[in-house]
Amino acid sequence: MRAVGYQTAGAINAHNAHNAHNAHNAHNAHNAHNALENITLAEPTPTGFDLLVEVKAISVNPVDTKIRASSSAPAGEYKILGWDAVGVVKAIGDKVSLFKVGDEVWYAGDISRSGSYAEYQLVDERIVGHKPNSLSNAQAAALPLTSITAWELLFDRLGLPQDGSATDARILIIGAAGGVGSIITQLAVKLTGAEVIGTASRPESATWVQTLGADAVINHNQPLSQELAKLDIADVTHVISLTQTDKHFDEIVKVLRPQGKLALIDDPVGPLDVMKLKRKSLSLHWELMFTRSLYQTEDMIAQHHLLNRIAELIDTGTVKSTFGEHYGTINAQNLLKAHAQIESGKAIGKIVLEGFSQ
């Protein structure tokens, strides 16, 4: 099967590797640390709860670039990235009960297993959902990882209601224009009943957040308390910090109402001084959507159910795809370009690739 992988981790800039390909200097790019290569691998065989999925479309997430920079493949092997996919079930393991051959599916996979930059991928059925009927493969591929993250953060970690009854809550979402921000803003607006304030730093990203339904948008390059004061808002009950939590931490503590809640997904630079949360009795909540699959938790199947629920919300028009740009077929050159855009921090919505080059 065709796939895209790499062997050695390092700090190569994806943009430089992409330019090396464009300059027909592929040999140098391939020999550089963690440059991506077009490769051929044996097709895997499903057992147990695994589905063998023929991958039709993928999207690229920041986790792809982080792992590429920090994790090498075992000696003599290739590491296959990719944690968002849409595809068709081609074969099933002996314990599979939720799907059959021919089903169209979507999922974010398991960070401890081989990823979706491949024509065929094994994935546990308990973290797979049925693809939304109303979306194309490319549109659907933009959503699984961010949808799982957003859903778990809002409803499992923060415990917000899904019935619109949180009318006394006010949620501040830092980094609302990114991949997770784009879906969590919609879910918060449509399902919780809370007032939702998003942050963005550029005019185009602020406009995007407004189209997602946020009640207001503020600039996270300015002190959050000052930005909220301009809206005559004294405090918020929940902060969802999706980026640069360490940079905003003091302001987060300042704007949170006593007994408020902070949830985050990023990797702060250096330790956070959680003692600053004590005076207001603030609570801290981490979200990592891979936790259930990494530890094979008893409630692992919750991701199957929530992906099906997201599909229903999409097919009824309640939530829209966060598809941003289509970068062409799934090959090393296009993926290097996608990684470079992710690393630039300027991506709006999700970058999607579809089909494998012949």
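No experiment lies behind these values; they were computed from the predicted model shown.
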Which pair of heavy atoms, one from A200 and one from V209, lies closest together, and at what distance?
CB-CG2, 4.4 Å
Identify whether the distance between the nearest side-chain nitrogen and carboxylate oxygen of D84 and K350 falls below 4.0 Å.
yes
Decide, yes or no, whether a salt bridge links D215 with R170 under the criterion of side-chain N to carboxylate O below 4.0 Å.
no
What distance separates R113 CZ from I127 CD1, expressed to the nearest 0.5 Å?
8.0 Å
Calculate, to the nearest 0.5 Å, the distance between atoms CD1 and CG belonging to I197 and L224 respectively.
10.5 Å
Would you please say whether a donor-acceptor pair under 3.5 Å links the side chains of S116 and W83?
no
Heavy-atom closest contact (V96 atom, E125 atom, distance):
CG1-OE1, 3.2 Å
When every non-hydrogen atom of A263 is compared with those of L153, the smallest separation belongs to CB-CD2, 3.7 Å
How long is the straight-line distance from CG of L353 back to CD of E325, given to the nearest 0.5 Å?
11.0 Å
Flag side-chain contact, heavy atom, 4.5 Å: D110 against L294:
yes
Step-by-step side-chain hydrogen bond (donor to acceptor under 3.5 Å, both in side chains) determination, D124 to Y107
CA-CA 10 Å; D124 191 302; Y107 54 90; over 6 Å; no
So which heavy atom on E104 is nearest to which on V88, and how close?
CG-CG2, 4.3 Å
If you draw a 6.0 Å radius around NZ in K320, do more than 12 non-hydrogen atoms from other residues or ligands fall strictly inside?
yes
Taking E119 first and then K90, would you say they form a salt bridge - that is, a charged N and a carboxylate O separated by under 4.0 Å?
no
Give the minimum heavy-atom separation between L242 and D266, together with the two atoms involved.
O-CB, 3.8 Å
Would R68 and Y6 count as a cation-pi pair here, with the cationic atom under 6.0 angstrom from the ring centre and within 45° of the axis?
no
Answer yes or no: is there an ion pair linking E77 with K79, defined by an N-O contact shorter than 4.0 Å?
no
Residue list, salt bridge (charged side-chain N to carboxylate O under 4.0 Å, His left out) with K280, at least two apart or on another chain:
none
Report the distance from atom OG of S201 to atom CD1 of I218, rounding to the nearest 0.5 Å.
12.0 Å
Just verifying a value: how many Å separate D168 CG and T237 OG1, rounded to the nearest 0.5 Å?
7.0 Å
What is the distance from atom CG of L256 to atom OG of S281, rounded to the nearest 0.5 Å?
12.0 Å
Contact check, side chains of L187 and V319, non-hydrogen atoms, under 4.5 Å:
yes
Given side chains that start at C-beta, do those of N331 and F356 come closer than 4.5 Å, heavy atoms only?
no
Within a radius of less than 6.0 Å around NZ of K66, do more than 12 heavy atoms belonging to other residues, nucleotides or ligands occur?
yes
H130 vs F99 aromatic rings, parallel, tilted or perpendicular, using cut-offs 30° and 60°?
tilted
Cationic tip of K276 within the cone over F249's six-membered ring, i.e. under 6.0 Å and within 45° of the normal?
no
When every non-hydrogen atom of L143 is compared with those of W106, the smallest separation belongs to CB-CZ3, 3.5 Å
Show me the pairs that pass side chain to side chain donor-acceptor pair (under 3.5 Å) and involve residues 142-153, at least two apart or across chains.
E152-R292, E152-Q303
